[in-house]
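The basis for the numbers below is simple: all heavy atoms, side chains too, and nothing from hydrogens, waters or symmetry mates.
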Amino acid sequence: MGGGFSSPMIVEDAATNEAVLRYAEPVVDLNPVYLDIKGIPENEQESFVTDMHERLNNEEACYSHTWRSGDLLIADNRILLHGRRAFGMGSKRRIRRVNIL
């Protein structure tokens with residue numbers, strides 16, 4: 001809902017000291033995401049974003065859940081790069097979020 005942030009693409013997880021990828025694909029909608037990738041020339045950024053999209057959506061790297069009533073999914077939000085697909089017309093969405101520290 002507005003604002004911005006800046007982050008290196010590779011950071012160290014504070015709990016595990018492991019390298020973590022921080023990346024958000026650009027989108028234009030209610031909450032747009034724009035990228036300005038430091039260290040990559042402006043004329044190469046579009047091809048970089050396309051390459052990242054292909055890598056992140058590769059079936060070998062991407063888990064896609066087909067939801068059924070009663071499903072429960074537990075994910076480590078600090079180290080899991082995640083997103084969602086667009087909703088179809090008339091789709092219902094109900095989320096309950098529990099933070100476990």
Legend entry - Nearest heavy-atom neighbours spanning Val28 and Pro32: CA-CB, 4.3 Å
Inset, instruction - Give every residue pair that meets the ring-ring contact (aromatic ring centres under 6.0 Å, His included) criterion with at least one member in residues 53-80, sequence neighbours excluded. - result: Tyr63-His65, His65-Trp67
Could you go through residues 35-42 and list every donor-acceptor pair under 3.5 Å that involves a side-chain atom there, pairing it with any protein atom two or more places apart or in another chain?
from	atom 1	to	atom 2	distance (Å)
Asp36	OD2	Lys38	NZ	2.9

Inset, instruction - Can you tell me which residue pairs pass the salt bridge (Lys or Arg N to Asp or Glu O under 4.0 Å) test with a partner in residues 54-72, sequence neighbours excluded? - result: Asp51-Arg55
Inset, instruction - Start with the C-alpha distance between Val49 and Tyr23, add both sets of side-chain angles, then the distance that settles side chain to side chain contact (heavy atoms under 4.5 Å, CB included), and finish with yes or no. - result: CA-CA 10 Å; Val49 169; Tyr23 182 76; 3.8 Å; yes
Legend entry - Ala15: partners by side chain to side chain contact (heavy atoms under 4.5 Å, CB included), with sequence neighbours left out: Asp13, Arg78
Inset, instruction - For Val11, check side chain to side chain contact (heavy atoms under 4.5 Å, CB included) against everything at least two apart and list the hits. - result: Ser7, Pro8, Val20, Arg22
Legend entry - Distance (rounded to the nearest 0.5 Å) between Thr50 OG1 and Gln45 CD: 11.5 Å
Inset, instruction - Look at atom CD of Glu46 and say whether more than 12 heavy atoms of other residues, nucleotides or ligands are closer to it than 6.0 Å. - result: no
Inset, instruction - Please list, chain by chain and in numerical order, all residues satisfying side chain to side chain contact (heavy atoms under 4.5 Å, CB included) with Ala75, sequence neighbours excluded. - result: Leu73, Leu80
